[in-house]
Colleague: 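Quick one: this structure, given as structure tokens, is what I'll be asking you about.
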2 protein chains.
Amino acid sequence: MLDSPIRDRQSERRAATRLEILDAAWGLARESGLAELTLRDVAARVGMRAPSLYSYFASKNDIYDAMFGQAWSDYLTVVEALESAEPHPPRETLRTLARTFFDFAVAEPARHQLMNQRTIPGFVPSEAAYAPAVAALESARRQFRACGITSPEDFDLGIAVVGGLVNAQLANEPGGHRWGGLLDRAVDMIADHLGIPGPKRRTS
Amino acid sequence: MLDSPIRDRQSERRAATRLEILDAAWGLARESGLAELTLRDVAARVGMRAPSLYSYFASKNDIYDAMFGQAWSDYLTVVEALESAEPHPPRETLRTLARTFFDFAVAEPARHQLMNQRTIPGFVPSEAAYAPAVAALESARRQFRACGITSPEDFDLGIAVVGGLVNAQLANEPGGHRWGGLLDRAVDMIADHLGIPGPKRRTS
DNA sequence: GTCTATACACCGATAGAC
DNA sequence: GTCTATCGGTGTATAGAC
């Protein structure tokens with residue numbers, strides 16, 4: 001009974017509407033900022049009134065939670081695609097990993113704010129939404145390990161450096177390239193520091 | 001007439017009340033979060049009603065602006081004290097500079113959020129409030145230069161790395177020491193990368 | 001089941017009495 | 001200068017129309 005055709009159709013419709021709502025929320029977040037989201041605006045964009053959203057999400061933070069899960073799932077797909085690609089020299093793998101994270105982040109500042117900063121008042125990601133974030137971090141950790149970086153401290157350092165470049169770029173020059181242009185040098189700096197073999201890339 | 005004794009007393013009282021209001025705002029920001037500030041709560045803490053605050057500040061963002069200016073002025077004092085201290089070996093100077101910024105940031109996450117992240121909706125620091133931030137950055141730049149780091153790109157890289165460690169610490173483990181313990185290593189890594197002479201510090 | 005109308009408590013901000 | 005009263009806006013809860 002629980003999975004009768006009727007119920008399937010209903011739950012499919014429901015899931016589709018949820019996606020519509022989330023798309024509207026992403027659009028508004030991109031245009032006006034993540035924290036500027038209002039339920040009335042989101043509802044209007046999908047042809048509803050604000051209270052109707054409560055048929056699909058338990059609260060505004062529940063919408064943020066679903067967006068958080070979507071964003072990390074998307075990034076998980078990207079980072080796992082890198083992992084399953086044919087092997088490359090360690091420094092090239094690290095460069096690609098760093099560049100992928102950097103580009104993903106600066107491409108959509110609102111998404112990066114949701115994924116990596118904790119600035120939405122009262123929002124704490126649920127365990128379910130956090131799962132793809134953990135998986136993405138583990139994928140990155142495996143790729144670090146494949147490059148010979150096994151110590152947790154070294155991994156923390158690498159993550160922090162790339163994240164620092166992202167934040168500096170977004171905070172001081174969103175849309176620019178001043179810190180993005182330092183990314184390859186930063187990776188080589190870490191690789192040198194950790195004794196990773198391979199040629200340095202020429203600085204541009 | 002404009003600087004009669006009476007007027008002096010009035011403006012002194014006014015400035016004192018402004019400071020009282022800002023102290024109340026800092027206390028609430030520390031306790032409940034920067035974005036959770038409400039004018040009603042701030043006013044209550046100084047024994048006023050919310051509208052009375054408008055006699056001292058033009059808006060809520062004007063309060064944030066004054067807090068922004070205070071925070072950077074405080075940091076400017078700290079960083080200029082470092083600059084006027086007796087010279088030290090380059091790596092030690094860089095370590096002290098990095099540690100000072102790191103400790104200042106993690107000591108008060110709300111203050112760091114206001115100073116270095118742009119997450120308060122609609123808040124853009126005024127030119128006046130931004131001035132001490134520029135001065136602090138210039139002081140840091142001079143100290144980098146005294147260590148032999150003259151290229152703007154190298155400075156950007158150094159700032160970003162330290163900022164990345166701060167953000168990682170605050171985002172993933174506020175109050176902890178996981179990324180703070182990597183700070184000296186990170187400084188040595190940069191110093192090695194840039195060919196700064198001097199002994200490495202033993203890793204802990 | 002979906003959606004709406006309505007209402008509530010709270011927010012920043014303003015007007016005007018005192 | 002500080003107050004009360006109030007405005008438009010917010011997230012959210014719920015009763016009821018369809």
Side-chain angles (χ1 to χ4, degrees), chain A residues 1-22 24-25 28-29 31-68 114 119-124 126, chain B residues 4 6-22 24-25 28-29 31-68 114 119-124 126:
Chain A
M1 281 306 187
L2 282 177
D3 50 357
S4 69
I6 288 178
R7 170 147 188 123
D8 274 5
R9 291 275 283 273
Q10 280 179 350
S11 63
E12 266 179 37
R13 183 81 192 84
R14 188 182 156 78
T17 305
R18 274 179 62 101
L19 284 182
E20 256 187 85
I21 293 170
L22 292 177
L28 288 169
E31 295 166 18
S32 313
L34 184 68
E36 282 77 4
L37 268 191
T38 75
L39 294 182
R40 284 165 174 82
D41 288 346
V42 174
R45 191 166 279 218
V46 296
M48 287 181 182
R49 309 297 189 118
S52 305
L53 298 178
Y54 283 84
S55 301
Y56 301 94
F57 296 95
S59 68
K60 185 185 185 183
N61 276 349
D62 194 33
I63 296 181
Y64 280 130
D65 195 59
M67 295 168 76
F68 182 93
L114 181 61
T119 53
I120 301 296
F123 169 62
V124 181
S126 66
Chain B
S4 71
I6 288 178
R7 172 149 186 121
D8 273 4
R9 291 275 283 272
Q10 280 179 350
S11 63
E12 266 179 38
R13 184 79 192 87
R14 187 182 155 78
T17 305
R18 273 179 62 100
L19 283 183
E20 257 187 83
I21 293 169
L22 292 177
L28 288 169
E31 295 166 18
S32 313
L34 184 69
E36 282 76 4
L37 267 192
T38 75
L39 294 181
R40 284 165 175 82
D41 288 345
V42 174
R45 192 166 277 218
V46 295
M48 287 180 180
R49 308 296 189 128
S52 304
L53 298 177
Y54 285 85
S55 299
Y56 300 93
F57 296 94
S59 67
K60 185 186 186 183
N61 276 349
D62 194 32
I63 296 181
Y64 281 130
D65 196 58
M67 294 168 76
F68 182 93
L114 180 61
T119 53
I120 301 295
F123 168 62
V124 180
S126 67

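Numbers restart at 1 for each chain; the letters A, B, ... are given by sequence-line order, proteins then strands.
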Colleague: Among the candidates dT12(D), dG12(C), dT2(C), find the nucleotide nearest to the side-chain atoms of Leu39(A).
Modeller: dT12(D)
Colleague: Pick base, sugar-phosphate or nothing for Thr38(B), based on heavy-atom distances below 4.0 Å to the nucleic acid.
Modeller: sugar-phosphate
Colleague: Of the options dT10(D), dC3(C), dC3(D), whose atoms approach the side-chain atoms of Ser52(B) most closely?
Modeller: dC3(D)
Colleague: Could you check which of dT12(D), dA13(C), dC3(C) has an atom nearest any side-chain atom of Met48(A)?
Modeller: dC3(C)
Colleague: Determine the contact category for Phe57(A): base if any of its heavy atoms lies under 4.0 Å from a base atom, sugar-phosphate if only primed atoms, P, OP1 or OP2 are that close, otherwise nothing.
Modeller: nothing
Colleague: Give a yes/no answer on whether the side chain of Tyr56(A) brings an N or O atom under 4.0 Å of OP1 or OP2 in dC3(C).
Modeller: yes
Colleague: For a quick check of understanding: with a heavy-atom distance under 4.0 Å over all strands, which category does Leu37(B) fall into, base, sugar-phosphate or nothing?
Modeller: sugar-phosphate
Colleague: Output the rounded distance in Å from CD1 (Ile120(A)) to C1' (dG11(D)).
Modeller: 14 Å
Colleague: State which of dT2(C), dT2(D), dG12(C) makes the closest approach to the side chain of Arg14(A).
Modeller: dT2(C)
Colleague: So Leu53(B), base contact, sugar-phosphate only, or nothing? Heavy-atom distance under 4.0 Å.
Modeller: nothing
Colleague: Closest approach to the side chain of Ser59(B), judged atom by atom: which nucleotide of dT12(D), dG1(D), dA13(C) is it?
Modeller: dA13(C)
Colleague: Any side-chain N or O of Tyr54(B) under 4.0 Å from OP1/OP2 of dT14(C)?
Modeller: no
Colleague: Which nucleotide wins on minimum distance to the side chain of Pro51(B), given the candidates dA7(C), dT2(C), dA15(C)?
Modeller: dA15(C)
Colleague: Starting the side chain at C-beta, find the nucleotide from dA13(C), dT4(C), dT12(D) nearest to Arg49(A).
Modeller: dT4(C)
